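Working notes for the structure below.
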Amino acid sequence: MPIYFNSAPTDFPFQFDSIGNNWNQEPTLRPDGFPVYHYLQTQEGSGILSIDEKKYTIGENQGVLLAPGIPHVYHSASGQWITLFATFSGSMSPYFSALFGSSHLLFFENEKAASIRKLIDQAVLHHQETPTDPHLLSLECYQVLLQFIGGLQSNPSQQPAWEKYVRPVLTIIHTRYMEDLTADALSQKVFVTPQYLSRLFSRYLGCSVYEYLTKFRISKAKELLVSHRTRKIQDISQDVGY
């Protein structure tokens, strides 16, 4: 029943705060919720999650992502309940709530849950290595978080502006931050004015397009400075789009 806690520098943009699998899950009561985003998935058996006076069954190959600070209780439905889990932090964590949507819990099952399990199992194996590679673990954390973002597709009608304009721009920023990106160029990608796109970013993320791009580039630069200590600062600046 391996469980690992984060020991990497806190300036990585995406980090596992804790992670584990093959866990014999005990009853858990959190009247104040968990301080960071928390994903829990059933490997064997089933569990009962109680939240907002509602009960949800988490069966095999099913998982749930819980937002921070949401009071909840979970326990085995009957017999042994084996789970895997991960919790998430990093310098980009203030933006997680916008990326995952307004719901305080998201459910995953079937192929999506299988993909998440594969990624978490892989990350657990890499946590067992000595020494661990914090850069690799940060990348694997980001891969898991991307699975949660994809979960928004199940009900896009709840956030039409987010789905149509903001999320595509975030995808461009996350994958092409090293290119010559500007707010004007990004707004053209989704066929809106820069002013309208900035208003949407302010609504959902609490910052402008330029501020988000800058924050993301700085986080990636910090990550590269830690993992590539021999590289010159000006080279890393070019790597992240400066």
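The chain is numbered in sequence order, starting from 1. None of these values were measured; they are calculated from a predicted model.
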With the 4.5 Å side-chain cut-off for hydrophobic clustering, are Leu146 and Ile173 part of the same group?
-> yes
Step-by-step side chain to side chain contact (heavy atoms under 4.5 Å, CB included) determination, Arg30 to Ile70 | CA-CA 8 Å; Arg30 295 195 178 102; Ile70 303 299; over 6 Å; no
Does the side chain of Ile82 reach to within under 4.5 Å of the side chain of Asn24, using non-hydrogen atoms?
-> yes
Among residues two or more places apart or on two chains, list those pairs meeting ring pair (Phe, Tyr, Trp, His ring centres under 6.0 Å) that have a residue in residues 42-73.
-> Tyr56-Phe107, His72-Tyr74
Pairs in or reaching into residues 182-197: which pass side chain to side chain donor-acceptor pair (under 3.5 Å), with residues at least two apart or in two chains?
-> none
Nearest heavy-atom pair of His127 and Thr132: which atoms, and what distance?
-> O-CG2, 3.4 Å
Taking the side chain as every heavy atom from C-beta outward, state whether Phe201 and Tyr210 have any pair of such atoms under 4.5 Å apart.
-> no
Would you check, one step at a time, whether the test side-chain hydrogen bond (donor to acceptor under 3.5 Å, both in side chains) holds for Ser18 with Thr87?
-> CA-CA 5 Å; Ser18 63; Thr87 61; 2.7 Å; yes
Please examine the side chains of Phe88 and Phe16, heavy atoms only from C-beta on, and report whether any two atoms are closer than 4.5 Å.
-> yes
Are there more than 12 heavy atoms of other residues, nucleotides or ligands under 6.0 Å from atom CD of Glu111?
-> no
Give the minimum heavy-atom separation between Leu186 and Leu181, together with the two atoms involved.
-> CD2-CD2, 4.3 Å
Full working for side-chain hydrogen bond (donor to acceptor under 3.5 Å, both in side chains) between Thr42 and Trp81 | CA-CA 7 Å; Thr42 297; Trp81 182 26; 2.8 Å; yes
Can you tell me how far the CZ atom of Phe12 sits from the OG atom of Ser89, to the nearest 0.5 Å?
-> 11.5 Å
Measuring from Gln80:CD to Glu44:CD, what's the distance to the nearest 0.5 Å?
-> 7.0 Å
Main-chain N/O of Ser208 paired to Glu211 side chain as donor or acceptor, under 3.5 Å | yes
If you round to the nearest 0.5 Å, how far is OG of Ser76 from CD1 of Ile58?
-> 11.0 Å
Looking only at atom types and distance, does a side-chain atom of Gln41 sit under 3.5 Å from a main-chain N or O of Ala113, one as donor and one as acceptor?
-> yes
Give a yes or no on whether the backbone of Leu119 and the side-chain of Gln122 come within a donor-acceptor separation of less than 3.5 Å.
-> no
Distance col, row Tyr177:OH vs Ile218:CD1, nearest 0.5 angstrom, shows 14.0 Å
Are the side chain of Thr175 and the backbone N or O of Thr171 linked by a donor-acceptor pair below 3.5 Å?
-> yes
Residue pair Leu84, Tyr39: steps toward the side chain to side chain contact (heavy atoms under 4.5 Å, CB included) verdict | CA-CA 8 Å; Leu84 60 87; Tyr39 180 73; 4.2 Å; yes
If you group Ile, Leu, Val, Met, Phe, Trp and Tyr by side-chain heavy-atom gaps below 4.5 Å, do Leu40 and Ile48 land in one group?
-> no
Check whether any side-chain heavy atom of Leu136 lies under 4.5 Å from a side-chain heavy atom of His126, and answer yes or no.
-> yes
Indicate the ring-plane relationship of Phe108 and Phe148, choosing parallel, tilted or perpendicular according to the 30° and 60° boundaries.
-> tilted
Is there a donor-acceptor contact under 3.5 Å from the side chain of Asp52 to the main chain of Lys54?
-> no
Value rounded to 0.5 Å, distance of CE in Met92 from CD in Gln15 = 13.0 Å
Going only through I, L, V, M, F, W and Y residues with side-chain contacts under 4.5 Å, is there a path from Val192 to Leu200?
-> yes
Contact check, side chains of Ile51 and His104, non-hydrogen atoms, under 4.5 Å = yes
Between Leu170 and Tyr212, is a side chain to side chain contact (heavy atoms under 4.5 Å, CB included) present by the stated rule, with each step listed?
-> CA-CA 9 Å; Leu170 288 175; Tyr212 185 91; 3.4 Å; yes
Does one hydrophobic cluster hold both Leu125 and Ile19, with members joined at side-chain heavy-atom distances below 4.5 Å?
-> no
Heavy-atom check, side chain of His75 versus side chain of Thr28, under 4.5 Å | no
Closest approach of Ile120 and Gly20, non-hydrogen atoms and distance?
-> CG2-O, 4.2 Å
Please tell me if the side chains of Leu66 and Phe34 come closer than 4.5 Å, counting only heavy atoms from C-beta onward.
-> no
Do the ring planes of Phe85 and Trp23 sit parallel (below 30°), tilted (30 to 60°) or perpendicular (above 60°)?
-> perpendicular
Could you check Asn61, Thr83, Asn22, Asn21 and say which one makes a side-chain hydrogen bond (donor to acceptor under 3.5 Å, both in side chains) with Gln43?
-> Asn22
Can you check whether Phe14's main-chain N or O pairs, donor with acceptor, with Ser138's side chain at less than 3.5 Å?
-> yes
Atom of Pro13, atom of Ser91 and distance for their closest heavy-atom approach = CA-OG, 3.2 Å
Flag yes if Tyr95 and Val36 sit in one hydrophobic cluster, no otherwise; membership is Ile, Leu, Val, Met, Phe, Trp, Tyr, and two members link when side-chain heavy atoms are under 4.5 Å apart.
-> no
Atom OG1 of Thr57 and atom CG of Leu49: how far apart are they, to the nearest 0.5 Å?
-> 9.5 Å
Shortest non-hydrogen contact from Ala123 toward Leu137 = O-CD2, 4.0 Å
Which heavy atom of His174 sits nearest a heavy atom of Tyr142, and at what distance?
-> CB-OH, 2.8 Å
